[in-house]
Chemist: 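My questions will all concern the structure given below.
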Amino acid sequence: MNRAKTVLSALAFFFSMAVIPLIPQADKQASPRQNILRYDAAAVVKLVPVRVLDSSGRPVMDLAKEDFVLHDNKELKKITEFEIHTLADLGRTSRTAASGGTGAPAPDILRKFFILLDIQRGGINGIVAAKKAAQYFLETQFRPGDEAGVLTYAPQTGLKIIEYLTSDKAKVKKAIERAKEIYPSAGEASIGGPEDGDVAGADSPLSSFGGSNTVFVEGTSIFARAGRDFENNMSELAKALQHIPGAKNVIFFSGRSVSQAVGREFAAANTPVFTVNTNGWNEKTKHLTPPEKQALEESPLKDLALASGGKYFAHIKDIEMIAEEVQSLSGNYYVLGYYINETWDGRFHKIEVEVRRPGCQVFAQEGYYGQKPFPQLTELEKDLHLYDLIYADRPTSADVLDAAIETLAGFEAKGSNGVVLACLPTGEKTGLGPSKAELYMLIFDKDHAMVFSAKGEFDLKDHIRKKLYPYITARLAPGDYECRFAARDMLTGQAVVGRAPLKIDAPAAEGVTIYEPLLLVPEKEAQFINLTPAPKKGVSISSLIDFYPLVPGQCAPLLKSLDSGVRTLLAIIPTEFRGDKVPNVVLDFKLTSADGTEFPVE
């Protein structure tokens with residue numbers, strides 16, 4: 001770019017608006033906290049998915065609520081909620097019992113599939129066959145409402161999440177294709193402080209803060225601390241799955257020996273494991289000896305599957321049969337619901353479910369652990385909670401609020417050309433409480449690969465009355481992106497999440513380019529927090545004032561609909577001129593409500 005022919009500027013427009021009779025749009029992103037306090041005892045409904053098979057292993061789907069008997073810690077429970085879930089030819093259907101319930105249908109329990117590829121014991125050809133079988137299952141059996149995630153196990157990385165639970169089938173298929181041995185590469189970086197020049201004055205609302213910053217990368221394992229012990233990894237996974245609601249299933253492609261004890265742990269989490277032996281990838285091209293055939297048919301993988309309530313498949317190339325069997329066994333189930341008193345003691349409750357009809361096999365979770373205060377969770381459980389917040393299409397965590405988030409594409413400033421800005425709600429009723437909080441911001445490209453991430457830690461007790469606006473700046477290639485923000489209270493587990501698209505256009509060769517405006521409203525307690533990690537020590541990072549140099553004090557960004565009573569709106573519009581002559585620019589403004597009504601702007 002020829003600097004002699006380029007002029008960069010930012011135009012600030014301060015308007016005084018005639019807001020009468022301004023009717024503000026309803027705030028669609030604010031979500032008042034309606035949860036009961038985290039540690040109070042409360043009566044809640046416990047939902048238990050139950051599968052019932054006949055003597056030939058086929059689903060039994062004509063049972064009534066009265067056919068079931070359920071005990072919790074040997075105490076007979078009254079079943080108040082009852083659903084029958086089946087898979088019809090044209091998609092998922094759910095039938096709710098019309099009598100004996102509470103008057104409202106039990107919440108729908110969605111199917112969740114965890115596709116686990118054993119890179120270490122699958123073999124190259126076996127993994128190729130496993131990917132083909134997994135892709136076929138997704139293409140032919142995945143239904144609206146289903147969710148799937150992809151995990152791998154390898155000696156260098158342990159158990160690793162490639163894609164967390166999502167209903168986006170394309171994401172899952174891409175994750176299967178890119179599953180391979182990847183060395184962990186998450187790093188540490190410190191967040192730039194005042195010495196980087198990001199603070200616009202001692203009393204300025206624009207600031208950055210010090211602290212640790214963990215940069216996430218694609219495929220970073222949350223189970224890395226389990227090391228290379230496969231059974232230990234699987235045991236940790238089974239324990240973690242106890243905290244995930246829904247009709248969970250693991251489709252495990254491997255050629256290794258696994259103990260029945262691991263299968264029983266998955267049974268306790270009500271997660272059947274469907275095991276597929278990858279050692280049989282070449283059986284149709286090679287004549288197997290009787291011992292080899294026996295080893296294939298009676299693999300320890302069979303014991304694992306049966307102990308978990310799943311099924312074993314010895315012949316990996318029978319992809320149609322595998323897909324149909326997994327579909328039938330996972331897609332036909334009942335949901336039983338009963339009331340429990342949640343005491344937050346974290347104790348194990350043993351569940352026993354019986355069916356009065358003779359000849360039926362019942363598969364239900366052996367029990368569950370009661371809720372416990374967030375600080376008492378294991379590091380693994382906290383990691384899973386975090387992954388759920390960051391990656392899940394619908395976080396399963398109970399205490400999650402919506403966060404307003406805005407993305408801004410601008411000219412290049414100190415190597416960055418995009419801004420992601422969020423609002424962090426604080427307060428006991430509508431946001432995070434006065435304790436330590438973790439903040440995360442991530443950017444994904446159109447192929448769902450992570451291209452940027454930042455983490456910060458912040459003590460909210462000193463800022464509980466302020467309006468906090470964390471943000472990051474990043475350099476991105478032209479294209480479409482998705483940005484996500486998550487923050488959680490480390491004392492209660494209360495969290496806020498938000499997401500928004502971001503489009504980066506290629507710079508124009510010449511002429512005028514008007515970039516995303518930053519809209520602000522008067523606010524005395526606003527504070528901007530720069531989460532952008534410094535690329536290396538001593539290198540400054542771009543901040544909001546590099547993109548919008550005229551940001552005044554006592555103003556807050558407008559990330560949601562305009563509140564009634566606001567009489568002043570500030571618009572900062574960066575512009576870029578490329579060429580020999582700076583043109584005259586005339587900008588017109590109008591204010592429009594959600595129903596299309598226009599209002600005058602002075």
Chemist: Taking Ser453 for the side chain and Leu442 for the main chain, is one N or O donor matched with an acceptor at less than 3.5 Å?
Modeler: no
Chemist: Taking all non-hydrogen atoms of both residues, which atom of Pro300 and which atom of Ser257 are closest, and how far apart?
Modeler: CG-OG, 3.4 Å
Chemist: Hey, does Thr152 have a side-chain heavy atom less than 4.5 Å from the side chain of Leu116?
Modeler: no
Chemist: Using atom types as modelled and distance alone, determine if a side-chain donor or acceptor of Asn249 lies under 3.5 Å from a backbone N or O of Ala247.
Modeler: yes
Chemist: Any donor-acceptor pair under 3.5 Å linking the side-chain atoms of Ser308 with those of Arg264?
Modeler: no
Chemist: So which of Leu241, Ile251, Val150, Thr271 actually passes side chain to side chain contact (heavy atoms under 4.5 Å, CB included) with Phe114?
Modeler: Leu241
Chemist: Do NZ/NE/NH1/NH2 and the carboxylate oxygens of Lys503 and Asp480 come within less than 4.0 Å?
Modeler: yes
Chemist: To the nearest 0.5 angstrom, please state how far the CZ atom of Phe266 sits from the NZ atom of Lys239.
Modeler: 10.0 Å
Chemist: Between Phe444 and Tyr481, is the gap from one ring center to the other below 6.0 Å?
Modeler: no
Chemist: Short question: side chain of Lys169, backbone of Phe142 - any donor-acceptor pair under 3.5 Å?
Modeler: no
Chemist: Is any side-chain heavy atom of Glu231 closer than 4.5 Å to one of Asp229?
Modeler: yes
Chemist: About how many Å separate CG of Asp388 and CD1 of Ile244, when rounded to the nearest 0.5 Å?
Modeler: 7.0 Å
Chemist: Where is the tightest heavy-atom contact between Lys446 and Lys174, given as atom of each residue plus distance?
Modeler: O-NZ, 4.2 Å
Chemist: Do the numbers put Arg51 on top of the ring of Tyr333, so that NZ or CZ is under 6.0 Å from the six-membered ring centre and no more than 45° off the axis?
Modeler: no
Chemist: Hey, does the side chain of Asp318 reach the backbone of Met321 with a donor-acceptor pair shorter than 3.5 angstrom?
Modeler: no
Chemist: Tell me if a side-chain donor or acceptor on Lys248 pairs with a main-chain N or O of Ala269 at a distance below 3.5 Å.
Modeler: yes
Chemist: Does the pair Val45 and Leu47 meet the rule for a side-chain contact (heavy atoms from CB on, under 4.5 Å), with working shown?
Modeler: CA-CA 6 Å; Val45 176; Leu47 298 174; 3.8 Å; yes
Chemist: Checking salt bridge (charged side-chain N to carboxylate O under 4.0 Å, His left out) for the pair Arg111/Glu147: CA distance, chi angles, key distance, verdict?
Modeler: CA-CA 6 Å; Arg111 292 198 307 175; Glu147 293 183 321; over 6 Å; no
Chemist: Under the criterion side-chain contact (heavy atoms from CB on, under 4.5 Å), I'd like the reasoning laid out for Thr80 against Phe82: C-alpha separation, chi angles, the key distance, then a yes or no.
Modeler: CA-CA 7 Å; Thr80 59; Phe82 181 71; over 6 Å; no
Chemist: Centres of the Phe113 and Phe137 rings: under 6.0 Å?
Modeler: yes
Chemist: Give a yes or no on whether a salt bridge exists between Glu75 and Lys77, defined as a side-chain N under 4.0 angstrom from a carboxylate O.
Modeler: yes
Chemist: Check the pair Glu438, Tyr440 against side-chain contact (heavy atoms from CB on, under 4.5 Å), reporting the backbone distance first and the verdict last.
Modeler: CA-CA 7 Å; Glu438 290 182 341; Tyr440 299 87; 2.7 Å; yes
Chemist: Would you kindly say whether Ser235 and Glu265 are connected by a side-chain donor-acceptor distance under 3.5 Å?
Modeler: yes
Chemist: Are Phe252 and Phe274 near enough that their ring centres are under 6.0 Å apart?
Modeler: no
Chemist: Please check if the side chain of Glu163 supplies one atom and the backbone of Ala175 the other of a donor-acceptor pair under 3.5 Å.
Modeler: no
Chemist: Do Pro533 and Lys455 have side-chain heavy atoms sitting under 4.5 Å apart?
Modeler: no
Chemist: Give me the atom names and distance for the closest heavy-atom approach of Tyr391 to Met450.
Modeler: OH-CE, 2.8 Å
Chemist: Going by heavy atoms in the side chains, are Asp118 and Phe253 under 4.5 Å from each other?
Modeler: no
Chemist: Could you grab the distance from atom CG of Asn233 to atom CG of Leu159, nearest 0.5 Å is fine?
Modeler: 5.0 Å
Chemist: Is there a donor-acceptor pair under 3.5 Å between the side chain of Lys131 and the backbone N or O of Glu177?
Modeler: yes
Chemist: Under a 4.5 Å cut-off applied to non-hydrogen side-chain atoms, are Ile176 and Leu138 in contact?
Modeler: yes
Chemist: Are the side chain of Asn277 and the backbone N or O of Asn279 linked by a donor-acceptor pair below 3.5 Å?
Modeler: yes
Chemist: Could you verify whether a donor N or O on one side chain and an acceptor N or O on the other, from Tyr338 and Asp72, lie under 3.5 Å apart?
Modeler: yes
Chemist: Measuring from Lys46:NZ to Leu70:CG, what's the distance to the nearest 0.5 Å?
Modeler: 10.5 Å
Chemist: Report yes if some heavy atom in the side chain of His315 is under 4.5 Å from a heavy atom in the side chain of Leu296; otherwise report no.
Modeler: yes
Chemist: Can a salt bridge be assigned to the pair Lys293 and Glu297 using a cut-off of 4.0 Å between side-chain N and carboxylate O?
Modeler: no
Chemist: Restricting to non-hydrogen atoms, name the atom on Val262 and the atom on Met234 that form the minimum distance, rounded to 0.1 Å.
Modeler: CG1-CB, 3.8 Å
Chemist: Heavy atoms only: give me the nearest Ser328-Asn332 pair and the separation to one decimal.
Modeler: O-ND2, 2.7 Å
Chemist: Any donor-acceptor pair under 3.5 Å linking the side chain of Tyr334 with the backbone of Leu63?
Modeler: yes
Chemist: Kindly compute the distance separating CG (Asp146) from CG (Leu165), expressed to the nearest 0.5 Å.
Modeler: 11.0 Å
Chemist: Take Asn270 and Phe363 through the test side-chain contact (heavy atoms from CB on, under 4.5 Å) and record every step on the way to the result.
Modeler: CA-CA 8 Å; Asn270 198 16; Phe363 295 92; 5.9 Å; no
Chemist: Can you find a side-chain donor-acceptor pair between Asp54 and Ser56 that sits under 3.5 Å?
Modeler: yes
Chemist: Is any side-chain heavy atom of Phe68 closer than 4.5 Å to one of Val362?
Modeler: no
Chemist: Out of curiosity, Met61 CE to Leu53 CG, how far, rounded to the nearest 0.5 Å?
Modeler: 10.0 Å
Chemist: Judged by atom type as modelled, is there a donor-acceptor pair below 3.5 Å linking the side chain of Arg484 to the main-chain atoms of Ile390?
Modeler: yes
Chemist: Heavy atoms, side chains only, cut-off 4.5 Å: are Asp402 and Val496 in contact?
Modeler: no
Chemist: With no hydrogens and no angle check, do the side chains of His385 and Arg488 hold a donor and an acceptor under 3.5 Å apart?
Modeler: yes
